Amino acid sequence: MAVAANDVVEMINGHCHDFKSILSSPDRDFLVRNNADQVKIDSLKGKTLGLFFSASWCDPRLGFTPDLIEAYTRLAPEGGFEVILVSTDDDEELFNDYFSKLPWLAIPFSDSISRKRVQESFGMRIPRLVLLDENGKVLTNEGGEMIKEYGEEGYPFTSKRIQELRDLEEKARKEQSLKTLLVSRYRDFVVTSDGNKVPVSELEGKTVALYFMMPSFHPFADYTRKLAEVYKKLKEKGENFEVVVISLEYGEEPFKTIFEAPWLALPFKDQSCKKLARYFKLSTFPTVVIIGPDGKTLHSNAADAIDDHGVEAYPFTPEKFAELEEIVKAKEAAQTLESILISGDLDYVIGKDGAKVKVIDLVGKVVLLYFSAHWCPPCRAFTPKLVEVYKKLKANGKAFEVIFVTIDIDQTSFEEYYSGMPWLALPFDDARTSSLKRKFKVQGIPTLIAIGPTGKTVTKEASGLIMAHGVDAYPFTEERVKEIEARYEEMAKGWPKKLKHELHEEHELELTRCDSYMCDRCNVPGQVWTFYCRECDFDLHPKCALEKDKETKGGAEKEGNTKEGWVCDGEVCTRA
């Protein structure tokens, strides 16, 4: 990057920048606030500065912007930190609307020359936050990530301060207590539903569940009710147990829904929420971290155990979880189709005409539970493939059935989606849907669970088997998969691992397994094996790659001799 005319040097060379040279122009020595107040650039001397490169189309509710607003709101009154918007907008009305949502300064929209100069000096990618120390030296050109990770606690954002925070986190892990987890430099309490403050010290000596949640995400509603039920029962029994909710989103209305149960929470938008999510390395939701009476972590995520066993999971000790694991194994050993699908008077599924089909009539069949929804594009893409397999297996007289378990949010969507399916279903809003989702830990859709003729779970990955093998995947057992794999290996015996082909002379083609592809010679879909160039994304059917080409007399057409002993139908090559 070339040095600009105002002597602003490249940030990557570590030299210091003069704030006035960067931000002013011959006709302007000030910045503006969104109320049109002017702030002299000289007043920035001695401050840590954030150059915020953004535009109106960058939603201020997304990315690191909410974290930056929160950190700025806390730090600005102390006088040592300032942020300046460097807008890339070309429309003044859009600029003004966007700037009105931000609490910091900006280079005036009218000074497009200065804005462009700073953008070119520091890079054009947006949104982006460049942090400079009080001497104008670049601390980081990835300030957004630093703000998201450390918030205002990272101030003044020097490498020394960041290392201090990392050392503190490491020390906190070694000396973990409720106080190190829940107390911050601004707060030593948690809050109740009516806004009362409860000192963290009052929770010491109790078993505490840290419930990480995103209240507006629909699946959390069911789990929250389940946890609230467990919480209520344990309190009624007089157990020394508390729940502290940690909300990981910014919507205040969804946040208020957590107080449907009388538990505690970290305050709305508290910086410690993100800090704790990082501390416990959250990867799934919901997450319920159990902290023992000594302040140490008893379990990194007891959400499933609470869902499956309720109050029986208390007190969440290793001994209790070992006991629960034995119970689960015993239940799995005793599992039948009836135990999965019958609940009280609900002993049936429905057919296309609305007729009730008794679960008992499905015993002895391979049954696929199809968790899917009309609103889900991957589901709608997979359903035709499953319909094709279903019809072929039925035509072949297989003892086989599919039951649609809808994740749709209304009856109309369910009926519209189900109208294109030839199999059975649970009724919309059936009480068994939630228990099945919990039992099989359905985290995403489409999900296809295979239940064998004895009622035992065969696989939770039947959708992948169908995509890879179609009707050949039936009955979806591990033994069947091994048979298919052995057949595929036999199929490729004698084929070269690599070859050169006249249609792709640049690189060698490598024999590669592939679920599906389009042959670049005959333009026919293929699967299982391809001769492939990774660099060029070039595929050839084994037939097209291995046949010996012979020119016809007209010279315009080639005919091939298939490799001896093989028949290729464009989708798969098999031994004759």
Side-chain angles (χ1 to χ4, degrees), residues 213-214 216-230 284-286 303-310 328 331-332 335-363 365-380 382-383 386 390 401-451 455-463:
M213 66 180 304
M214 301 179 72
S216 64
F217 185 43
H218 180 70
F220 277 101
D222 287 340
Y223 188 82
T224 299
R225 283 190 287 271
K226 177 74 173 183
L227 182 58
E229 178 185 340
V230 171
T284 59
F285 289 101
D304 287 344
I306 291 171
D307 201 15
D308 294 339
H309 305 285
V328 169
K331 286 183 176 180
E332 288 178 349
Q335 177 180 296
T336 64
L337 192 65
E338 300 97 306
S339 70
I340 296 172
L341 290 177
I342 294 179
S343 176
D345 294 336
L346 297 173
D347 62 351
Y348 62 88
V349 293
I350 59 173
K352 295 300 296 179
D353 56 359
K356 295 180 179 179
V357 177
K358 292 289 186 178
V359 171
I360 194 71
D361 294 336
L362 303 177
V363 172
K365 295 184 177 183
V366 174
V367 176
L368 298 184
L369 301 178
Y370 182 37
F371 296 85
S372 186
H374 184 270
W375 52 261
C376 167
C379 297
R380 296 199 303 272
F382 176 71
T383 297
L386 183 57
Y390 179 85
E401 194 50 77
V402 174
I403 299 174
F404 172 41
V405 185
T406 183
I407 312 298
D408 276 307
I409 58 177
D410 60 71
Q411 180 82 33
T412 301
S413 297
F414 162 73
E415 291 176 353
E416 180 182 347
Y417 194 29
Y418 184 45
S419 67
M421 300 175 181
W423 43 69
L424 305 175
L426 287 185
F428 176 75
D429 215 16
D430 191 287
R432 290 169 290 180
T433 298
S434 294
S435 63
L436 287 170
K437 285 165 56 182
R438 289 196 302 271
K439 175 178 178 56
F440 293 108
K441 296 179 173 53
V442 176
Q443 300 293 326
I445 53 175
T447 290
L448 200 60
I449 310 293
I451 308 298
K456 305 297 188 293
T457 302
V458 173
T459 179
K460 299 178 182 179
E461 307 295 336
S463 57

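Note that the structure is a prediction, hence the values are computed from the model and not measured.
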Discussion item. A side-chain contact here means heavy atoms from C-beta on lying under 4.5 Å apart; do E338 and I360 qualify?
Written reply: yes
Item to complete: Could you tell me whether D307 and K437 make a salt bridge, using a distance below 4.0 angstrom between a side-chain N and a carboxylate O?
Response: no
Practice prompt. State whether the side chain of T336 and the backbone N or O of S339 hold a donor-acceptor pair below 3.5 Å, judged by distance alone.
Written response: yes
Worksheet item: Got a sec, which residues hit side chain to side chain contact (heavy atoms under 4.5 Å, CB included) with E461, two or more places apart in sequence or on another chain?
Response: T459
Discussion item. Going by salt bridge (charged side-chain N to carboxylate O under 4.0 Å, His left out), name the residues that satisfy it together with E416, two or more places apart in sequence or in a different chain.
Written reply: none
Discussion item. So, using salt bridge (charged side-chain N to carboxylate O under 4.0 Å, His left out) as the criterion, who are the partners of K352 when residues are at least two apart?
Written reply: none
Worksheet item: Got a second to check how far Y348's OH is from D361's CG, nearest 0.5 Å?
Response: 14.5 Å
Discussion item. Listing request: all salt bridge (charged side-chain N to carboxylate O under 4.0 Å, His left out) pairs with a residue in residues 403-415, at least two apart in sequence or in separate chains.
Written reply: none
Worksheet item: Can you tell me how far CG of L426 sits from CZ of F404, rounded to the nearest 0.5 angstrom?
Response: 9.5 Å
Worksheet item: Under the side-chain contact (heavy atoms from CB on, under 4.5 Å) criterion, do L369 and F440 qualify, and how do the steps go?
Response: CA-CA 10 Å; L369 301 178; F440 293 108; 3.7 Å; yes
Worksheet entry | Sub-4.5 Å side-chain heavy-atom contact between H309 and V328 | yes
Fill in: Verdict with reasoning, L386 to L368, per side-chain contact (heavy atoms from CB on, under 4.5 Å)
CA-CA 10 Å; L386 183 57; L368 298 184; 4.3 Å; yes
Worksheet entry | Point-to-point distance, once rounded to the nearest 0.5 Å, from CD1 of I445 to CH2 of W375 | 3.5 Å
Discussion item. Using 0.5 Å steps for rounding, measure from the NZ atom of K226 to the CG atom of D308.
Written reply: 8.0 Å
Practice prompt. For T383, enumerate each residue passing the side chain to side chain contact (heavy atoms under 4.5 Å, CB included) test, keeping only those at least two apart in sequence or located in another chain.
Written response: Y370, S372, V387, Y417, M421, W423
Item to complete: Identify the two heavy atoms, one from P446 and one from S463, that lie closest to each other, and give their separation to 0.1 Å.
Response: O-OG, 4.3 Å
Item to complete: Check side-chain hydrogen bond (donor to acceptor under 3.5 Å, both in side chains) between K460 and all other residues, then give those that pass, not counting sequence neighbours.
Response: none
Worksheet entry | Full working for side-chain contact (heavy atoms from CB on, under 4.5 Å) between T457 and E332 | CA-CA 8 Å; T457 302; E332 288 178 349; over 6 Å; no
Response to the item:
By side-chain hydrogen bond (donor to acceptor under 3.5 Å, both in side chains), K358 pairs with (sequence neighbours left out) D347
Worksheet item: Any side-chain heavy atom of F371 sitting closer than 4.5 Å to one from L436?
Response: yes
Fill in: Residues that S435 engages under side chain to side chain contact (heavy atoms under 4.5 Å, CB included), provided they are two or more places apart
R432, R438
Fill in: Set of residues satisfying side chain to side chain contact (heavy atoms under 4.5 Å, CB included) with respect to V230, sequence neighbours excluded
L234, I306, V311
Practice prompt. Given side-chain contact (heavy atoms from CB on, under 4.5 Å), test I340 with V367 step by step and report yes or no.
Written response: CA-CA 11 Å; I340 296 172; V367 176; over 6 Å; no
Worksheet item: Looking at A303 and P286, what are the two nearest heavy atoms and their distance?
Response: CB-O, 3.5 Å
Response to the item:
Rounded to the nearest 0.5 angstrom, the CG-CD1 distance for L362 and I451 is 12.0 Å
Worksheet entry | Partner set under side-chain hydrogen bond (donor to acceptor under 3.5 Å, both in side chains) for K439, not counting sequence neighbours | Q335
Worksheet, complete the sentence: So OG1 of T412 and CZ of F428: to nearest 0.5 Å the spacing works out to 8.5 Å
Worksheet entry | Nearest heavy atoms of I350 and Y418, plus distance in Å | O-OH, 3.5 Å
Item to complete: Verify the neighbour count for atom NZ of K441: are there more than 12 heavy atoms of other residues, nucleotides or ligands below 6.0 Å?
Response: yes
Worksheet item: Would you find more than 12 non-hydrogen atoms of other residues, nucleotides or ligands less than 6.0 Å from D345 atom CG?
Response: no
